[in-house]
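Numbering starts at 1 and runs along the sequence shown. Scope of the values below: all heavy atoms of this structure, side chains included, with no hydrogens, waters or symmetry mates.
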Amino acid sequence: MDYSRENVLRLIERFGDFLSLRISRFFRGLDSRSIGAIAGLAVAVVFTWRLLRSPSVPQTRQPKRQNPAPSNSGIANLTNSNQISSGVSSEVSSAQNVVDEVFQPVEPTLGQIVRHRLSEGRKVTCRLLGVILEESTPEELQKQATVKSSVLEVLLEITKCCDLYLMERVLDDESEKKVLGALEDAGIFTSGGIVKDKVLFCSTETGRTSFVRQLEPDWHIDTNPEIISQLSRFIRHQLYIASVKPERPTGNILSSPSLEEFFGRV
């Protein structure tokens with residue numbers, strides 16, 4: 001420890017003694033601001049004291065320029081330097097790992113993705129064939145109706161933030177029963193977001209267009225390009241489910257091979 005450092009330490013010690021003897025006499029007459037100022041000063045003194053008392057790496061004098069043969073002391077100094085450098089690198093690496101863990105990006109949840117992709121929309125209409133159901137034609141519904149398992153999670157999140165209506169064209173009452181039975185077996189009605197009254201059926205494609213116009217949704221989801229085109233002037237946003245993108249998409253029409261892929265679940 002050099003001379004100037006000893007003087008600073010003695011000065012801090014004397015100042016600490018002075019505080020310990022005098023502070024009790026004035027404590028009762030101090031207001032809250034004065035007490036806060038003294039407390040801050042005490043913290044600063046303690047911090048400075050600990051900083052000055054911390055061991056420092058002694059500086060070695062640089063020897064005159066010589067070209068002696070390598071000695072054991074030189075090898076030892078080189079080893080110590082390598083150890084210090086390795087220790088510092090290890091500490092820096094550990095600190096960087098902690099920073100990376102704290103500030104690593106958080107993956108958004110499916111619910112957050114759904115709300116973001118739907119632009120905070122409040123009402124959604126969606127056809128069943130080719131989107132919710134495996135079948136793609138009304139004729140297939142006369143034989144069976146199968147709900148896609150991969151779309152269930154997305155549907156549940158949509159119903160949490162939107163008023164969802166499902167609709168489809170059917171050829172007979174039996175097809176309608178098969179569709180409702182498949183939806184019920186998949187648990188869509190038990191999630192609390194969809195009731196059977198929000199599943200609409202019609203006998204023509206024009207009827208589905210009329211449903212959408214009357215409901216005035218923020219989003220409509222369909223696989224029929226003609227209906228998408230007809231509704232583009234009236235519906236704010238549309239999602240066209242098709243394996244091939246439309247040739248001339250408009251600004252309010254998006255496309256995706258499937259509903260689940262649109263929300264990043266494929």
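Contact detail for Cys202 and Gly207: the closest heavy-atom pair is SG-C, 3.9 Å. The minimum heavy-atom distance between Ala145 and Ala182, with the atom names listed, is O-CB, 3.3 Å. Between Ile235 and His237, the shortest heavy-atom distance links the atoms CG2-O, 3.2 Å. Counting all heavy atoms, side chain and backbone alike, Gly121 lies closest to Cys162 at O-SG, 3.1 Å.
Looking only at side-chain heavy atoms (C-beta outward), Pro217 and Val124 stay at 4.5 Å or farther from each other. In this structure, the side chains of Cys126 and Val131 come closer than 4.5 Å at one or more pairs of heavy atoms. You'll find the side chain of Leu180 reaches within 4.5 Å of the side chain of Phe189, heavy atoms only. When side chains are defined from C-beta on, Val179 counts as touching Leu128, because their heavy atoms get closer than 4.5 Å. A 4.5 Å side-chain heavy-atom check between Leu259 and Ile132 finds at least one atom pair inside the cut-off. Counting only heavy atoms from C-beta outward, the side chains of Lys143 and Lys178 never approach each other to under 4.5 Å.
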For this session: For the pair Ile241 and Leu239, evaluate side chain to side chain contact (heavy atoms under 4.5 Å, CB included) and give the outcome as yes or no after the intermediate values.
Result: CA-CA 6 Å; Ile241 302 298; Leu239 176 60; 3.8 Å; yes
Exercise. What do the steps show when you test Thr146 against Gln144 for side chain to side chain contact (heavy atoms under 4.5 Å, CB included), and what is the final call?
Worked result: CA-CA 7 Å; Thr146 309; Gln144 63 180 13; 4.2 Å; yes
For this session: Decide side-chain hydrogen bond (donor to acceptor under 3.5 Å, both in side chains) for Ser175 and Gln142; before the verdict, give the C-alpha distance in whole Å, the side-chain angles of both, and the deciding distance to 0.1 Å.
Result: CA-CA 5 Å; Ser175 298; Gln142 291 180 306; 4.9 Å; no
Exercise. Between Ile194 and Tyr165, is a side chain to side chain contact (heavy atoms under 4.5 Å, CB included) present by the stated rule, with each step listed?
Worked result: CA-CA 8 Å; Ile194 300 181; Tyr165 289 82; over 6 Å; no
Problem set entry | side chain to side chain contact (heavy atoms under 4.5 Å, CB included) evaluation trace for Leu183 with Val199 | CA-CA 10 Å; Leu183 295 175; Val199 183; 4.1 Å; yes
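A donor-acceptor contact shorter than 3.5 Å links the side chain of Asp218 to the backbone of Arg122. Between the side chain of Trp219 and the backbone N or O of Leu118 there is at least one donor-acceptor pair closer than 3.5 Å. In this structure, the side chain of Gln238 engages the main chain of Ile228 through a donor-acceptor pair within 3.5 Å. Side chain of Gln112 to main chain of Thr109: a donor-acceptor pair is present (N/O by atom type, distance under 3.5 Å, no hydrogens or angles).
Between atom CG of residue Leu166 and atom CZ of residue Phe211 there is a gap of 12.5 Å, rounded to the nearest 0.5 Å. Note that the CD atom of Gln214 and the OG1 atom of Thr125 stand 11.5 Å from one another [nearest 0.5 Å]. Atoms CD and NZ, on Glu135 and Lys148 in that order, are 10.0 Å from each other to the nearest 0.5 Å. Taking CG of Leu231 as the start and CG of Asp222 as the end, the distance is 7.5 Å to the nearest 0.5 Å. One distance of note links CG of Asp172 with CZ of Phe201; it measures 11.0 Å at 0.5 Å rounding. In this structure, CZ on Arg117 lies 7.5 Å from CZ on Phe263, to the nearest 0.5 angstrom.
When only modelled atom types and interatomic distance are considered, Glu261 and Ser256 share no side-chain donor-acceptor pair under 3.5 Å.
Annotation: side chain to side chain donor-acceptor pair (under 3.5 Å) contacts involving residues 193-206, sequence neighbours excluded, comprise Asp163-Lys198, Arg169-Glu205, Glu184-Lys196, Glu205-Arg208, Glu205-Asn224. Sorted pairs that involve residues 223-239 and meet salt bridge (Lys or Arg N to Asp or Glu O under 4.0 Å), not counting sequence neighbours, are lacking altogether.
Applying the salt bridge (Lys or Arg N to Asp or Glu O under 4.0 Å) criterion to Lys123, with sequence neighbours excluded, gives no partner residue. With sequence neighbours left out, the side chain to side chain donor-acceptor pair (under 3.5 Å) criterion links Ser136 to Glu140. By the side chain to side chain contact (heavy atoms under 4.5 Å, CB included) test, Asn252 pairs with Ser232, Thr250, sequence neighbours left out. Looking at residues two or more places apart in sequence or on another chain, you find a side chain to side chain donor-acceptor pair (under 3.5 Å) between Glu168 and Arg127.
Under the 4.5 Å side-chain heavy-atom criterion for ILVMFWY residues, no single connected hydrophobic cluster contains both Val170 and Val212. Leu156 is not connected to Ile221 by any chain of hydrophobic side-chain contacts under 4.5 Å among Ile, Leu, Val, Met, Phe, Trp and Tyr, and they are in different clusters. Linking ILVMFWY residues whenever their side-chain heavy atoms come closer than 4.5 Å, directly or via other members, leaves Leu133 and Met167 in distinct clusters.
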